[in-house]
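Working notes, structure below.
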Amino acid sequence: VSRGNELYHAFNRMFLGLPLYTVVEAGKDGPRAFVVHAGLPRIPMRLHQLERINHRLEVPPDPSPGMEEILFDCLWSDPRPTPGIGSSTRGAAVVTFGPDVTAR
């Protein structure tokens with residue numbers, strides 16, 4: 001168990017050095033793609049709102065509503081084939097998001 005905790009914390013420290021998201025552009029007038037570690041937040045967000053999130057924190061396993069929860073979602077949420085936001089089998093805090101959420 002201690003080795004598992006050690007690895008968990010090591011990965012969290014590594015993630016602190018990565019950006020929360022990036023936008024990839026295909027040329028001057030080409031399409032843009034939003035790229036994030038895992039998935040989308042459970043509430044609609046704009047890029048300028050995501051820029052304000054301090055993602056250089058260790059993410060708690062049970063995040064508080066607000067910025068902690070948004071950060072958690074960007075790192076741990078999962079896509080699903082059905083519309084909307086739903087629960088996940090991976091834990092109470094983890095959400096799933098459908099294609100309608102991706103399209104917005």
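Just so it is clear, the model here is predicted, and its values are computed rather than measured. The figures here come from the full heavy-atom set of this structure, side chains too, leaving out hydrogens, waters and symmetry mates.
- Side-chain contact between Cys74 and Pro41 is present, with at least one heavy-atom pair separated by less than 4.5 Å.
- Here the shortest heavy-atom pairing between Ala38 and Ser77 reads CB-O, 3.5 Å.
- Gly84 and Asp100 get closest at one heavy-atom pair: N-OD1, 2.7 Å.
- Counting only distance, with no hydrogens or angles, the side chain of Arg56 and the backbone of Leu16 share a donor-acceptor pair below 3.5 Å.
- Note that CZ of Arg52 is 12.0 Å distant from CG of Leu47, once rounded to the nearest 0.5 Å.
- No more than 12 heavy atoms of other residues, nucleotides or ligands sit less than 6.0 Å from atom CZ of Arg46.
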_For a side-chain contact (heavy atoms from CB on, under 4.5 Å) check, start with the C-alpha distance between Phe72 and Val94, then their side-chain angles and the critical distance, and finish with the verdict._
CA-CA 8 Å; Phe72 185 91; Val94 181; 3.9 Å; yes
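- Here the closest non-hydrogen pair linking Ile70 and Ile43 is CD1-CD1, 3.8 Å.
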*Decide yes or no on side-chain contact (heavy atoms from CB on, under 4.5 Å) for Thr82 and Thr96, but give the supporting numbers first.*
CA-CA 9 Å; Thr82 56; Thr96 59; over 6 Å; no
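- Arg13 places no side-chain N or O within donor-acceptor distance of the main-chain N or O of Tyr8, the cut-off being under 3.5 Å.
- Rounding to the nearest 0.5 Å gives a distance of 7.5 Å between CG of Asp62 and OG of Ser64.
- Atom-to-atom distance recorded for Leu40:CG and Phe97:CZ is 4.5 Å, nearest 0.5 angstrom.
- Residues Leu20 and Val36 share a closest heavy-atom pair of O-CG2, 3.4 Å.
- When atom types are taken as modelled, the side chain of His9 and the backbone of Gly4 share no donor-acceptor pair closer than 3.5 angstrom.
- In terms of modelled atom types and a separation under 3.5 Å, the side chain of Gln49 and the main chain of Met45 share no donor-acceptor contact.
- If you take CE on Met14 and CG on Leu7, they are separated by 11.0 Å, rounding to the nearest 0.5 Å.
- Connectivity analysis of hydrophobic side chains (ILVMFWY, heavy atoms under 4.5 Å, direct or indirect) links Val24 to Val35.
- Atom OH of Tyr21 and atom CG of Leu50 lie 6.0 Å apart (nearest 0.5 Å).
- Listed by first and then second residue, the salt bridge (Lys or Arg N to Asp or Glu O under 4.0 Å) pairs that reach into residues 72-81 are Arg42-Asp73, Asp78-Arg90, sequence neighbours excluded.
- Checked against side chain to side chain contact (heavy atoms under 4.5 Å, CB included), Asp29 has no partners two or more places apart in sequence or in another chain.
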